[in-house]
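First up is the structure itself, then whatever we jot down about it.
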Amino acid sequence: MIHRRSLLTGAAALAATPLLPMRALSAGIDPDVLEAAMAKVQIAPEGYPKTEIWSYGGTVPGTEIRARQGDRLRRRLVNSLTEPTTLHWHGIRIDNAMDGVPGVTQDAVPPGGAFLYEFDLPDAGTYWYHSHNQSYEQVARGLQGPLIVEESDAPDVDREEVLVLDDFRLDPDTGLIAGFGNMHDFSHGGRIGNIAVTNGSFNKTLSVKQNERLRLRLLNTANAKIFALELQGLEGWIVALDGMPLEAPKPITETLLLASAQRADLIVDVTAEDGGEAHLVRYEGDETFSQALFNVNGQASGARRGAPVPLPPNPDMGVTGLEDALRSRLHMEGGAMRGFQSAVMDGREVGFREAAQSMNFWAMNGMVGMPEEPLLIAERGQTVRVVMQNDTMFPHAMHLHGHHFREVLAGGGLGPLRDTLLMFGDESREIAFVAHNPGDWLFHCHMLTHAAAGMMTRIRVLA
Ligand code: C2O
Ligand code: CU
C-alpha cells in the first residue's frame with residue numbers, strides 16, 4: 001500500500017540526504033554543548049515545506065536534558081544565532097549567577113559567543129530551559145526544551161513520556177508568521193498560535209497497552225496559550241505541579257489548566273479497550289481536539305493497579321512562619337480595554353497612551369517594566385507573602401525565579417508548591433515562600449509579550 005503520505009515522505013527523504021554526514025559530524029561535538037541555531041523542522045503537515053525555527057540542537061522542543069537529582073549540570077551555550085541570547089533554567093533553585101537573565105545575572109551572549117552554565121540540581125522534577133532574551137520572539141521561534149531531573153527513587157510506572165505542549169502562529173506555506181512585537185499581542189492576551197502541537201507535532205501519536213501505567217510529564221512552553229486538558233480513555237492522578245511533588249496524588253476529575261510555563265506530572269492508566277484509542281484532550285471553548293493520541297495495542301496486564309504512592313518530596317521546601325512574614329503587594333494594571341491612569345516609565349510619569357507609543361501596556365505597582373528598586377528585599381531564610389491583585393481584563397501567569405511558592409488560600413490553608421501561578425482578570429491571590437536563595441530574582445508574567453510590555457519586576461534576597 002502506498003499512500004500519498006508515504007510518497008511525500010519519499011520525496012522529503014531525497015531532499016534530506018545530507019542527514020548522514022551531519023550525524024557523523026555531531027558525534028564529534030562536545031556533549032556539553034547546547035547550540036542555539038536556526039533549523040528547519042516539519043511542523044506543518046507532510047507535504048508542506050519545513051518551517052524555519054530557532055532551536056537548541058536542531059529540534060523543537062530542543063534537546064531533552066536529563067539528569068539525576070543532586071547532579072551538577074554543565075552546558076556550554078553556543079550562540080550560532082544572529083542575535084544575542086541567554087539560557088534560563090525555569091523552575092530550578094539555581095545559583096543566581098546561572099539564572100540567565102540579561103542585565104540582571106549576566107550579559108546576553110553575543111552571536112558567535114558562548115557561556116558556560118554550571119549548577120547543582122537540588123530538586124527532582126519536570127523543568128525546562130528557554131531563552132530569556134527577547135523571549136517573546138526567541139521562545140516563539142523555538143528556543144525552549146525540557147529539563148528532566150529524575151528522582152533517585154523512581155515511581156513505579158511502565159513508562160514515561162515527556163509531552164511538551166506548545167503552539168505556533170504558522171503559515172504552512174511560508175513559515176512562522178512574523179510580527180512578534182505587534183501591538184495587539186502586546187496589549188491583549190499575547191501571541192496565541194493557530195496550530196497547537198505536542199513535541200512539535202500537530203498529530204502526536206503514541207502506542208500504548210491497556211492497563212499500562214504511564215507517567216506523563218506535561219509542559220506548557222507556549223508564549224501565552226492556556227491549555228485546558230482532559231483525559232479520555234486514560235485515568236489517573238496529578239502527582240506533581242511545576243516539578244514539585246504533591247503531598248498526595250490528586251485524582252484527575254476536572255479540567256486541568258496549564259498556563260504558560262506551568263508543568264504537571266501525571267500518573268495515568270490506560271483504561272481504553274485493546275484496539276481502541278485514548279486521548280489527551282484539549283478544549284478550545286466548547287470544542288475538543290486531540291492534543292495527543294494513544295493507540296491501544298494489546299494488554300499490559302489484566303487489571304488496573306492500585307493508586308500510586310506520592311513522589312518523594314524535594315528537600316527543604318517547607319513554607320512556615322506565615323505570621324511573621326515580610327508582606328508585600330503587587331498591583332497589576334493596564335492592557336487593552338482598561339489601560340492605566342498613569343505609571344512611571346524610565347523614571348518619568350506617563351499616561352497609558354504615551355506608554356503605548358513605546359509598546360508598553362502594563363504596569364505593576366505603578367511602574368512600567370523593571371524598576372530600579374526591587375519589589376522587596378528579604379533576609380535570607382525570611383518568609384515572604386505577596387498579595388497579587390490583577391486589575392486587568394486578562395489572565396496572567398506570574399512566575400518567580402529561583403524559588404517555589406505556595407498560594408495562601410482563602411480558608412488559610414496553603415496550595416501546592418508552584419513556580420508559576422495563573423491568575424484571571426480581577427482576581428486577587430496571595431503567595432508565600434521562604435526567601436532561601438540569595439540574589440536578585442525576576443518576578444514577571446510568563447505571557448511573554450506581557451513581560452516585554454511592562455509586567456516585570458524582581459525581588460532581592462540578601463546573602
Ligand atoms: Cu520561564 Cu523568567 O522565565
Ligand atoms: Cu500577563
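Whatever order the structure lists ligands and atoms in, that order sets their numbers, starting from 1. If you read the sequence from its start, that first residue is 1, and numbering goes on from there. Fair warning: this is a prediction, and the values are worked out from it, not measured in the lab.
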ask   = Looking just at side-chain N and O atoms, do Thr86 and Asn133 make a donor-acceptor pair shorter than 3.5 Å?
value = no

key: Under-4.0 Å salt bridge between Arg217 and Glu160   = yes

key: atom 1 (Cu) of ligand 1: protein N, O or S atoms [distance under 2.8 Å]   = His90 ND1, His130 NE2, His446 NE2

task = Could you tell me whether the side chain of Ile94 reaches within less than 4.5 Å of the side chain of Tyr117, counting heavy atoms only?
result = no

inquiry  = If we count only N and O atoms by modelled type, under 3.5 Å, do the side chains of Asp99 and His88 hold a donor and an acceptor together?
reply    = yes

message = Looking at Arg72 and Asp120, is there a salt bridge between them, counting it only when a charged N and a carboxylate O are closer than 4.0 Å?
response = yes

ask   = Do the side chain of His450 and the main chain of His188 share a donor and acceptor less than 3.5 angstrom apart?
value = yes

message = Would you say CG of Asp107 has more than 12 non-hydrogen atoms from neighbouring residues, nucleotides or ligands within 6.0 angstrom?
response = no

inquiry  = Only to 10 degrees, please: what angle do the SG atom of Cys445 and the ND1 atom of His450 make about the Cu ion (ligand 2)?
reply    = 130°

query = Which is the closest N/O/S atom of His396 when seen from the Cu ion (ligand 2)?
reply = ND1

